[in-house]
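Hydrogens, waters and symmetry mates play no part in the numbers below; they use all other heavy atoms, side chains included. Proteins get letters first, then strands, A, B, ... in listed order; numbering begins at 1 in each.
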There are 2 protein chains.
Amino acid sequence: MSGHRPSSRDKILAAASELADIVGPGNLSLDAVAQRAGVSKGGLLYNFPTKAKLMQALVQDYLKSFEDALAAEAAKRGDTTKNSLTAYIELSARECEQKQPSAAGVLAALAEDPDFLNPVRDFKRQLLDRLKSETTDTAKLMVAFLVIEGLRSMKLFDMDILHDDERNMALTYLLAEAAST
Amino acid sequence: MSGHRPSSRDKILAAASELADIVGPGNLSLDAVAQRAGVSKGGLLYNFPTKAKLMQALVQDYLKSFEDALAAEAAKRGDTTKNSLTAYIELSARECEQKQPSAAGVLAALAEDPDFLNPVRDFKRQLLDRLKSETTDTAKLMVAFLVIEGLRSMKLFDMDILHDDERNMALTYLLAEAAST
DNA sequence: TTGACAATACCGTCCAGACGGTACAGTAAG
DNA sequence: CTTACTGTACCGTCTGGACGGTATTGTCAA
């Protein structure tokens, strides 16, 4: 079900994200995506019959890879459901450090039509509910969740406002609070 | 210096923001903006000689109105510089409740070219530095700042994920921490 | 006072190019 | 024969922006 060799589909998705990052979220054209992916335009439209479908796939792809990373992080430590908040925090912290161009694809989808973000909304709400069922102090959960959301939005907008120590301060504070629950 | 009657310029800016919210950030056209503002396209181009200039103005406008609101909030309570974090938190909290369509204009600017957000980055960094100089506990400041950033990004993306009580929990937590400093 | 001119604040039209998408013939692999 | 494309040609639409015009108001010398 997963683990293909780099298919055309994957190359197109990657090319679209990279391009969105280069030309700006609202200036993504099918011709340019096809060219960057090393695929003809006909080939692109064979895989994604319409631009909207491409955008949906971009969002789905982003969500899927995040989901996988979260599951991997939870598996890496003990599967005790109790510390999945800690897993979420640490995963997000690590993601802040590195590049993740796939986020640019999400912005492209947003630019095209904000409704493409509906799956993201659903995903986040589900995640929050899961976290909620596993923690006792809801106020602290909300703070942690929102801090990460803030960090994530900064990354999305390429706003490298925070110094490393500033970010770490917030993160260690969160981790300490999460551990004491 | 301020307090004009609704000039063409202002009508255009407002129309652009509203339209961005309706048609999606990446689908903002000059023709549509002109029409909605009740101005001819030539008239629009007179006020904003290029689309890029419009976008810049949209961002500037957004920043300015936020700055004004923050100053007004600080003035409303005592001008003691100590509690400007509290002012920031409460202002942001109130803004979460209400509609503020001007944010859609910022997304339109982002869609066109992410560099248009540079002024936002500068503004936020300045704000953070000011807050930093007025508080003792930097870790708690960072948490508060990032929580608000998270709230703000959700509003921007129209992600009404949080229930009112969830949001209030985070906010009252923040206010309590800010007061105890 | 008046006539000449200029600046301001627009209007309405036009155009070259880019875009999403279609159509279709061909092809190489399995 | 089907799948997964390639390549080319094309269509209708939309877009940013250039351009020429116009009404109003102001300025200022004679």
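Using a 4.5 Å heavy-atom threshold, the side chains of Met159(B) and Val120(A) count as touching. Side-chain contact between Glu149(B) and Leu151(A) is absent, with no heavy atoms from C-beta onward closer than 4.5 Å.
In this model, a side-chain donor or acceptor of Lys41(A) finds a partner on the base of dG21(C) within 3.5 Å.
Across all their heavy atoms, Met142(A) and Ala170(B) have their closest contact at CB-CB, 3.9 Å. For Ala139(B) against Tyr173(A), the heavy-atom pair with the smallest separation is CB-CD1, 4.4 Å. In this structure, Ala111(A) and Gly26(A) approach most closely via the heavy-atom pair CB-CA, 3.9 Å.
The number of heavy atoms from other shown groups lying within 6.0 Å of CG (Asp113(B)) is above 12.
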Return the polar atom pairs (N/O with N/O) between nucleotides 23-28 of chain C and the protein under 3.5 Å, or none.
none

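Ile22(B) shares a hydrophobic cluster with Ile12(B), Leu13(B), Leu19(B), Val23(B), Leu28(B), Leu30(B), Val33(B), Val39(B), Leu44(B), Leu45(B), Phe48(B), Leu54(B), Met55(B), Leu58(B), Phe116(B); the chain of contacts runs through ILVMFWY side chains whose heavy atoms sit under 4.5 Å apart.
Glu177(A) places no side-chain N or O within donor-acceptor distance of the main-chain N or O of Leu174(A), the cut-off being under 3.5 Å.
A sub-4.0 Å separation between OP1 or OP2 of dC10(C) and a side-chain N or O of Ser8(B) is present.
Checked for salt-bridge contact, Glu18(A) and Arg36(A) meet the test: a charged N lies under 4.0 Å from a carboxylate O.
Taking the C1' atoms of five terminal pairs at each end of the helix from dT1(C)-dA30(D) to dG30(C)-dC1(D), the two resulting helix axes are inclined by 20°, rounded to 10°.
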Exercise. Under the side chain to side chain contact (heavy atoms under 4.5 Å, CB included) rule, what do Arg125(A) and His163(B) come out as? Steps first, then yes or no, please.
Key: CA-CA 10 Å; Arg125(A) 182 65 233 186; His163(B) 309 143; 3.5 Å; yes
Exercise. Go through the steps to decide whether Asp31(A) and Lys41(A) satisfy the test side chain to side chain contact (heavy atoms under 4.5 Å, CB included), and finish with yes or no.
Key: CA-CA 6 Å; Asp31(A) 284 281; Lys41(A) 191 176 177 180; 3.4 Å; yes
Quiz item: Does the pair Glu97(B) and Arg167(B) meet the rule for a side chain to side chain contact (heavy atoms under 4.5 Å, CB included), with working shown?
Solution: CA-CA 10 Å; Glu97(B) 245 89 318; Arg167(B) 196 172 43 238; 4.2 Å; yes
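Within residues 23-34 of chain B, the residues approached by DNA chain D to less than 4.0 Å at the level of any non-hydrogen atom are Leu28(B), Ser29(B), Leu30(B), in residue-number order. The stretch residues 43-56 of chain B touches DNA chain D through Leu45(B), Thr50(B), Lys51(B), each having a heavy atom within less than 4.0 Å of the strand.
The side-chain contact (heavy atoms from CB on, under 4.5 Å) test with Phe123(A) is passed by exactly one of Leu117(A), Leu128(A), Leu63(A): Leu63(A).
Under a hydrophobic-cluster definition in which Ile, Leu, Val, Met, Phe, Trp and Tyr are linked whenever side-chain heavy atoms come within less than 4.5 Å, directly or via other members, Met169(A) and Val147(B) are assigned to different clusters.
The span of DNA chain D lying next to chain B, judged by atoms under 4.0 Å from heavy atoms, is bounded 5' to 3' by dT15(D) to dG17(D).
For the residue pair Ser92(B) and Arg152(B), a side-chain donor N or O sits within less than 3.5 Å of a side-chain acceptor on the partner.
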